[in-house]
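Side-chain atoms are counted along with the backbone in the values below, which use heavy atoms only and exclude waters and symmetry mates.
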Amino acid sequence: MLLAGGKGERLMPLTQHICKPAVAFGSRYRIIDFTLSNCVNSGIDTLGVLTQYLPMFLHDYIDKGHPWDLDRMSGGVFLLPPFSSGDRSDWYSGTANSVFQNRRFIGGYDPAYVLVLSGDHIYKMDYGKMLINHKKNGADCTISVIEVPISEASRYGIMNTDENDKIVTFEEKPKVPKNNLASMGVYIFNWKVLKEQLEADSKDKDSSHDFGKNIIPDMLAQGHKMYAYRFKGYWKDVGTLESLWDANMDMLRNTSLGVPDWDIKSRSRSRPPHCIDTKGRVANSLVASDCVISGTVENSVLSRGVIVEKNAVVRDSVIMDDAVVKSGARVEYAILDERSFVGENETVGGPREKAESITVVAGSWT
């Protein structure tokens, strides 16, 4: 069950017209491509994608799931927005509630285990290895964790474990964290246990109906066997503009994100090759198809169809699909949204070492 209904308020204005998992990333991807590809590469062939905020673009993008080999006669990908049932017509009121409202979809497959994922993280992970660990420990729930800098630990749910990685306590975004084992928002549950927890949570009027705030703490309090699974690879929560920019820059240093044979698939229409003309210069950058570069591009990530005209400079920036940087313009430490426009001789942003925050230019979606 892939949670992909987030509004992504901290990514505004990039999420003004599309949901966070659909935001462009890494020159040729959408954020959700990583989780979808992880599922297929891990041998998962039945996937429910829970959508809510501005779902139309994401629904069209995923469609029947062909690029990820999820267009199957049995199983495959299912798009699950909120729906009316009997006398109820509810929006998803939390991450746990979204799964609860689709319990009949899950129950139709009578699974032993349910994997719950987030659609807005950049990483490559074999969920099969995590399931092996879950079975070995005889766990009711296994939560994937990653070590983060202790200075950043207060941004995450933190797992406190014993010497066998059994979870002893859980703290949701603690002001003074006891350690740096951060939850990645990747959970494996025994379905019978999860179903009972979701049903009980749905009756609690004081609950936020959230996995981190309610389901996980309640299961710990009830004495369920819960274990942490330590993930050693690359992982980035791209929930802020700065983290999205950071993750794009990480692609310049490591385009495989550490696992070269773990293919990330995406849906993209066929477009011509990029063109760097005689006046263009590109250094340490990713340039997707159909880009036309007549200016200077340094240390940047350019998605499909970007135009950088003569005498324009793009540096330390993320430029999304079909953005245009006109002649003589200068773009530094910035994110340009899809179909955005920078006019002749305009300046957007400035040197990163002097900037207080990243500059974002909204795109035109009309």
key: Residues Arg28, Asp321: salt bridge by 4.0 Å N-O rule   = no

query = Does Asp218 reach the main-chain N or O of Gln197 with its side chain, forming a donor-acceptor pair under 3.5 Å?
reply = no

ask   = Other hydrophobic cluster members with Val297, side-chain heavy atoms of Ile/Leu/Val/Met/Phe/Trp/Tyr under 4.5 Å, chained?
value = Ile276, Val282, Val287, Ile293, Leu302, Val306, Val308, Val314, Ile319, Val325, Val331, Leu336, Val342, Val348, Val361

task = In sequence, state the C-alpha distance, the side-chain angles, and the governing distance for Tyr227 and Asp162, and then conclude on side-chain hydrogen bond (donor to acceptor under 3.5 Å, both in side chains).
result = CA-CA 9 Å; Tyr227 283 82; Asp162 65 13; over 6 Å; no

query = Of all heavy-atom pairs between Asp201 and Ser207, which one has the smallest distance, and what is that distance?
reply = OD1-OG, 2.5 Å

ask   = Considering only heavy atoms from C-beta outward, does the side chain of Leu115 approach that of Leu131 to under 4.5 Å?
value = no

task = Quick one: do Leu181 and Arg230 satisfy side chain to side chain contact (heavy atoms under 4.5 Å, CB included)? Show the steps, please.
result = CA-CA 8 Å; Leu181 283 182; Arg230 294 176 184 253; 3.6 Å; yes

request  = For ring-ring contact (aromatic ring centres under 6.0 Å, His included), just list the numbers for Phe25 and Trp245, CA-CA rounded to whole Å, side-chain angles, deciding distance to a tenth of an Å, and then say yes or no.
outcome  = CA-CA 9 Å; Phe25 175 82; Trp245 183 90; over 10 Å; no

Thr359 versus Gly349, closest heavy-atom pair with distance = OG1-CA, 3.4 Å

inquiry  = Heavy-atom count check: over 12 atoms from other residues, nucleotides or ligands less than 6.0 Å from Lys195 NZ?
reply    = no

inquiry  = Assess whether a salt bridge exists between Asp290 and Arg304, defined as any Lys/Arg side-chain N lying under 4.0 Å from an Asp/Glu carboxylate O.
reply    = no

key: Close side-chain approach of Tyr229 and Met125, heavy atoms under 4.5 Å   = yes

inquiry  = So which atom in Ser243 and which in Asp237 form the shortest heavy-atom distance, rounded to 0.1 Å?
reply    = OG-O, 3.2 Å

task = Check Ser294 against Asp277 and note the closest heavy-atom contact, atom names and distance.
result = OG-OD2, 2.6 Å

task = Take Asn133 and Asn137 through the side-chain hydrogen bond (donor to acceptor under 3.5 Å, both in side chains) test and state the conclusion after the steps.
result = CA-CA 6 Å; Asn133 188 269; Asn137 290 325; 3.1 Å; yes

request  = For Asp60 and Met56, indicate whether the former's side chain and the latter's backbone hold a donor-acceptor pair under 3.5 Å.
outcome  = no

inquiry  = Is it true that, when you exclude Lys213 itself, more than 12 heavy atoms of the residues, nucleotides or ligands shown sit nearer than 6.0 Å to its NZ?
reply    = no

Side-chain donor/acceptor of Ser202 to backbone N/O of Ala200, under 3.5 Å = no

query = Within the side chain of Asp165, is there an N or O that forms a donor-acceptor pair under 3.5 Å with the backbone of Thr161?
reply = no

Carboxylate-amine/guanidinium contact Glu309 Lys326, below 4.0 Å = yes

query = For Arg10, does the CZ atom have more than 12 heavy-atom neighbours from other residues, nucleotides or ligands under 6.0 Å away?
reply = no

request  = Take His224 and Asp140 through the test side-chain hydrogen bond (donor to acceptor under 3.5 Å, both in side chains) and record every step on the way to the result.
outcome  = CA-CA 6 Å; His224 284 283; Asp140 295 317; 3.2 Å; yes

task = Would you indicate whether the side-chain heavy atoms of Ile18 and Glu338 approach each other to under 4.5 Å?
result = yes

message = For a 4.5 angstrom cut-off between non-hydrogen side-chain atoms, does Tyr92 reach Leu3?
response = no

query = Given side chains that start at C-beta, do those of Met1 and Ile106 come closer than 4.5 Å, heavy atoms only?
reply = yes

query = So, Asp210 side chain and Gly212 main chain: donor-acceptor pair closer than 3.5 Å or not?
reply = yes

query = Do Arg30 and Asp33 meet the salt-bridge criterion of a basic N to acidic O distance under 4.0 Å?
reply = no

ask   = For the residue pair Tyr333 and Ser317, what are the closest heavy atoms and their distance?
value = N-OG, 3.3 Å

note = Under a side-chain separation threshold of 4.5 Å, the hydrophobic residues clustered together with Val168 are none

key: Criterion ring-ring contact (aromatic ring centres under 6.0 Å, His included) on Phe211 and Phe189, from CA distance to verdict   = CA-CA 11 Å; Phe211 280 104; Phe189 293 95; 5.6 Å; yes

ask   = Can you find a heavy atom in the side chain of Asn254 that is under 4.5 Å from one in the side chain of Tyr234?
value = no

query = Residues sharing Ile150's hydrophobic cluster, by side-chain heavy-atom contacts under 4.5 Å among ILVMFWY, directly or via others?
reply = none

task = Could you check if a side-chain atom of Asn41 sits within less than 4.5 angstrom of a side-chain atom of Asp126, using non-hydrogen atoms only?
result = no

inquiry  = Tell me if a side-chain donor or acceptor on Asn284 pairs with a main-chain N or O of Asn299 at a distance below 3.5 Å.
reply    = no

task = Kindly say whether Ser340 contributes a backbone atom to a donor-acceptor pair with the side chain of Ser364 at under 3.5 angstrom?
result = no

request  = Please lay out, stage by stage, how Phe34 and Tyr123 fare under the test ring-ring contact (aromatic ring centres under 6.0 Å, His included).
outcome  = CA-CA 6 Å; Phe34 287 80; Tyr123 67 121; 8.1 Å; no

query = Would you say His59 has more than 12 foreign heavy atoms packed within less than 6.0 Å of its NE2?
reply = yes

ask   = Would you say the side-chain atoms of Trp262 and Asn38 include a donor-acceptor pair closer than 3.5 Å?
value = yes

task = Carefully, step by step, assess His134 and Tyr113 under the rule ring-ring contact (aromatic ring centres under 6.0 Å, His included).
result = CA-CA 10 Å; His134 178 85; Tyr113 310 102; 5.5 Å; yes

Main-chain N/O of Ile44 paired with Ser42 side-chain donor or acceptor, under 3.5 Å = no

query = Shortest non-hydrogen contact from Pro67 to Ser266?
reply = CB-O, 3.6 Å

inquiry  = Less than 4.5 Å apart, side chain to side chain, heavy atoms only: is that true for Thr169 and Ile167?
reply    = no

task = Identify whether the distance between the nearest side-chain nitrogen and carboxylate oxygen of Arg352 and Asp316 falls below 4.0 Å.
result = no

request  = Could you please spell out the steps behind the side chain to side chain contact (heavy atoms under 4.5 Å, CB included) verdict for Val49 and Leu80?
outcome  = CA-CA 6 Å; Val49 181; Leu80 302 172; over 6 Å; no

request  = Ignoring hydrogens and angles, tell me if any N or O in the side chain of Thr35 forms a donor-acceptor pair with the backbone of Ser118 under 3.5 Å.
outcome  = yes

request  = Salt-bridge test for Arg330 and Glu346: reply yes if a basic N is under 4.0 Å from a carboxylate O, no otherwise.
outcome  = no

message = Keeping Arg271 on the side-chain end and Ser289 on the backbone end, is there a donor-acceptor pair under 3.5 Å?
response = no

task = Report, as yes or no, whether the 6.0 Å neighbourhood of atom CD on Glu9 holds more than 12 heavy atoms from other residues, nucleotides or ligands.
result = no

